*Asks:* 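Got a structure here, written out as structure tokens. Questions coming.
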Protein chains: 2
Amino acid sequence: MTRVKLQDVAERAGVSVTTVSRVLNNRGYLSKQTIQKVHQAMEELNYRPNAVARQLFKQKTDLVGLVFPTVNNPFFGELEAELEERLYELGYRVVMGNSQNNPQKEEQYLQLLLNGQIDGLIVGAHNEGIEAYHNTNLPIVSIERIVSKQIPVVAADNYTGGRLATQRLLDDGCQHIIHTNYPATSSTPNQERRRGYEELVNEHGMEKITYEISFDSPNEEKAAIFKQIFIDHPECDGIFADNDTNARLAINAARQAGKRVPEDVKVIGYDGASSTQLLFPDLTTIQQPIAEMAKVAVDLLQKRLADQSVSSVTLPVKLIPGTTA
Amino acid sequence: MTRVKLQDVAERAGVSVTTVSRVLNNRGYLSKQTIQKVHQAMEELNYRPNAVARQLFKQKTDLVGLVFPTVNNPFFGELEAELEERLYELGYRVVMGNSQNNPQKEEQYLQLLLNGQIDGLIVGAHNEGIEAYHNTNLPIVSIERIVSKQIPVVAADNYTGGRLATQRLLDDGCQHIIHTNYPATSSTPNQERRRGYEELVNEHGMEKITYEISFDSPNEEKAAIFKQIFIDHPECDGIFADNDTNARLAINAARQAGKRVPEDVKVIGYDGASSTQLLFPDLTTIQQPIAEMAKVAVDLLQKRLADQSVSSVTLPVKLIPGTTA
DNA sequence: GTGAAAGCGCTAACAC
DNA sequence: GTGTTAGCGCTTTCAC
């Protein structure tokens, strides 16, 4: 099927393409009769304006890229759903990129921005050292990830979250609390969770032990690390996991090691995403304000797109009580 | 942003735009020297080809739309992640649309296709009666959703799944099995789950009772329905939920009604998505081959984009044993 | 009120 | 081997 274009409509209506374009965009002075004629011609030909031609002229695609490790995860799934909703309201459509297991992908999505295929980017992937981020001040906002000086970060208050979680375990009477987090080299603000944990156990004269678990590694590998934790530290009676799925793996590992949760080991997670709350309501966790983070990120991106300067934002977290800690 | 265009590169290199374009696309005969010069000019000017201009010429955006109720769900999250991965391998980027709570959105994403902003569409949303689907044979593939005659459907074997689930409850000795599913008006093949259930309980001379739960309604509403089930049918000793989150709600409701799971009531779910398996491993469920469904859907779409005719595909399901049934 | 024409940035006949 | 030029489909000065 050959596409009907502006010119076809113009010919049919007996006017110029300019006029049809004006009718289409409701711009300029037009006689009622002309509008009528043009509309009729558009109907008859079943005309659809070509979005790409418009984009070329406008130098704007109304597309925003979302680059996170994977949408198949309670936290990122909720976050991306919220981002999509907020951006949709502003007239943007969303290009989804899952960069887990494929570091080059993040760079590819950055190329979309550089090539003018998308107008902006919201990133939260974990790949390090992508040159182009530093080049210039592009319309990019980051969530829970430090990318470069120029790029504003939206994050929850990870330090307080780390303290809250640790405090809960201390209140539970835990004496040997182990934390898991990303490798310390990762440029993510959730290293602050670790700082909160370490400070607090220090204050209580306890040993600080953090096992590093890369977010992007497969679940079997993660499970193996938790198994190892209980081998290395049979005395462990409290686990502060850096996310809820890890908390789940910790509980599985504890049980496999013959320990009861919460009687022998308390476990507290992090994130508190809606589908985790639904599927695993017993989990005690620190909840990030995901919807709010999405909203703020979109606000910041909108300002960046309007060439306004913005700064990073930190949002509060709260403890969601369950039965695991 | 990308102020530098082909012509600038051409001038700098002292050649024509055609030559630069050829270098860019590695097409036609070019002297080594010219290639060298052009590459250098591109470097010096930090040239980025404009993707939209290319799209306009090619009449192709390499973008595929994904329209599902919400990505914030274990099943759709995994499905969309798989779809994105498969499409990425083929050079497509993905536009994500979450149509839950907003029926107009699905139509909007269809407009993107009609407007030439995306090349194809994979849909699994639940909104009824969208005219445009019937118009013509567009490059659209549907997953677990009957849209129109022209559009191929990828689905798991819902009928067998329904029988498998029901059989499991019968094997458990259940006498009063209740099923939940979408309203029967919904044009989704998972009504076949209901058929499988109904046939099997009929064969056993039992009463068939299906409660209708719209996928898109809020969790509180769904929870209220499950509560009602145990009020209406205190004798109920088996629940076959049409998805895993509903199974979770069923279990919650059973416990609130003072029943133990699985001692007093057995519950079996449906979907078996990876994050459900992770967060709620105890659940007995029917697993859909999500990765395979994504792969087949992308294959079909690719063929539709190449104007080949395709037909619908049904894939097998399997029972994942847990402790809830 | 309406139209002619010049782009937006790129590609591919078609020439030479 | 390389260049000229006519589009891809739309919007918008600038005339009339």
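Every chain is numbered from 1 and lettered A, B, ... according to where its sequence line falls, protein lines coming before strand lines. Everything numeric here is computed off the predicted structure, so don't read it as measured data.
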*Asks:* Could you work out, with side-chain hydrogen bond (donor to acceptor under 3.5 Å, both in side chains) as the rule, every residue matching B:T19, not counting sequence neighbours?
*Replies:* B:S16

*Asks:* Regarding A:L56, tell me which of base, sugar-phosphate or nothing describes its non-hydrogen contacts under 4.0 Å with the strands shown.
*Replies:* base

*Asks:* Distances under 3.5 Å between protein N/O atoms and the N/O atoms of nucleotides 3-6 of chain D, please, pair by pair.
*Replies:*
unit_1, atom_1, unit_2, atom_2, d
D:dG3, OP2, B:S16, N, 2.9
D:dG3, OP2, B:S16, OG, 3.2
D:dG3, OP2, B:T19, OG1, 2.5
D:dG3, O6, B:R22, NH2, 2.6
D:dT4, O4, B:T18, OG1, 2.6

*Asks:* Looking at A:Y29, does any N or O in its side chain come under 4.0 Å of the phosphate oxygens OP1/OP2 on C:dG3?
*Replies:* no

*Asks:* If I take atom CG in residue A:N26 and atom P in nucleotide D:dT11, what distance separates them, rounded to the nearest angstrom?
*Replies:* 12 Å

*Asks:* Do the side-chain N or O atoms of B:S21 get closer than 4.0 angstrom to the phosphate oxygens (OP1, OP2) of C:dA12?
*Replies:* no

*Asks:* Whether A:N50 contacts D:dC8 is assessed here as follows: a side-chain N or O lying under 4.0 Å from the phosphate OP1 or OP2. Is that the case?
*Replies:* no

*Asks:* Would you check, one step at a time, whether the test side-chain hydrogen bond (donor to acceptor under 3.5 Å, both in side chains) holds for B:Q150 with B:S148?
*Replies:* CA-CA 6 Å; B:Q150 300 86 6; B:S148 81; 2.8 Å; yes

*Asks:* What's the NZ-P distance between A:K58 and D:dC10, to the nearest Å?
*Replies:* 12 Å

*Asks:* Over how many whole Å does the gap from B:Y47 atom OH to C:dG9 atom C1' extend?
*Replies:* 7 Å

*Asks:* For B:E44, enumerate each residue passing the salt bridge (Lys or Arg N to Asp or Glu O under 4.0 Å) test, keeping only those at least two apart in sequence or located in another chain.
*Replies:* B:R12

*Asks:* Can you name the residues that form a salt bridge (Lys or Arg N to Asp or Glu O under 4.0 Å) with A:E78, not counting sequence neighbours?
*Replies:* none

*Asks:* In degrees, rounded to 10°, what is the bend between the two ends of the helix from C:dG1-D:dC16 to C:dC16-D:dG1, using five pairs at each?
*Replies:* 40°

*Asks:* For C:dG9 and B:Q55 - does any side-chain N or O of the residue sit under 4.0 Å from the phosphate oxygens OP1/OP2?
*Replies:* no

*Asks:* Taking only the side-chain nitrogens and oxygens of A:K5, find out if one of them lies under 4.0 Å from OP1 or OP2 of D:dC8.
*Replies:* yes

*Asks:* Is B:S275 close to B:P74 at the side-chain level, that is, under 4.5 Å between some pair of heavy atoms?
*Replies:* yes

*Asks:* For residues 6-13 of chain B, which residues have at least one heavy atom under 4.0 Å from DNA chain C?
*Replies:* B:L6

*Asks:* Could you list the residues that satisfy ring-ring contact (aromatic ring centres under 6.0 Å, His included) with A:Y182, not counting sequence neighbours?
*Replies:* A:H126

*Asks:* Among residues two or more places apart or on two chains, list those pairs meeting salt bridge (charged side-chain N to carboxylate O under 4.0 Å, His left out) that have a residue in residues 296-315 of chain B.
*Replies:* B:K295-B:D299

*Asks:* Could you list the donor-acceptor pairs under 3.5 angstrom formed by side chains in residues 80-92 of chain A, with sequence neighbours left out?
*Replies:*
unit_1, atom_1, unit_2, atom_2, d
A:E82, OE1, A:R86, NH1, 3.2
A:E84, OE1, B:K105, NZ, 2.8
A:E84, OE2, B:N98, N, 3.4
A:E84, OE2, B:K105, NZ, 3.3
A:E84, OE2, B:Y109, OH, 2.8
A:R86, NE, A:E89, OE1, 3.3
A:R86, NH2, A:E89, OE2, 2.9
A:Y92, OH, A:K60, NZ, 3.3

*Asks:* Measure NZ/B:K32 against C1'/D:dT2 and give the value in whole Å, please.
*Replies:* 16 Å

*Asks:* Quickly work out the B:Q59 CD to C:dA12 P distance and round it to whole Å.
*Replies:* 13 Å

*Asks:* On DNA chain D, nearest-nucleotide positions of B:L30 versus B:A53: which is more 5'?
*Replies:* B:L30

*Asks:* Taking only residues two or more places apart in sequence or in another chain, which ones pass ring-ring contact (aromatic ring centres under 6.0 Å, His included) with A:F68?
*Replies:* A:F76

*Asks:* Under the side-chain hydrogen bond (donor to acceptor under 3.5 Å, both in side chains) rule, collect the residues that match up with A:T61, sequence neighbours excluded.
*Replies:* A:D119

*Asks:* In whole angstrom, give the distance that lies between atom NZ of B:K37 and atom P of D:dG1.
*Replies:* 14 Å

*Asks:* Checking B:E292 now: which residues fulfil salt bridge (Lys or Arg N to Asp or Glu O under 4.0 Å) with it, not counting sequence neighbours?
*Replies:* none

*Asks:* With respect to the phosphate group of D:dG9, does any side-chain polar atom (N or O) of A:R54 fall under 4.0 Å of OP1 or OP2?
*Replies:* no

*Asks:* Is any side-chain heavy atom of A:E144 closer than 4.5 Å to one of A:N190?
*Replies:* yes

*Asks:* From C-beta outward on A:R27, which listed nucleotide comes closest to its side chain: C:dC8, D:dT11, D:dT12?
*Replies:* D:dT12

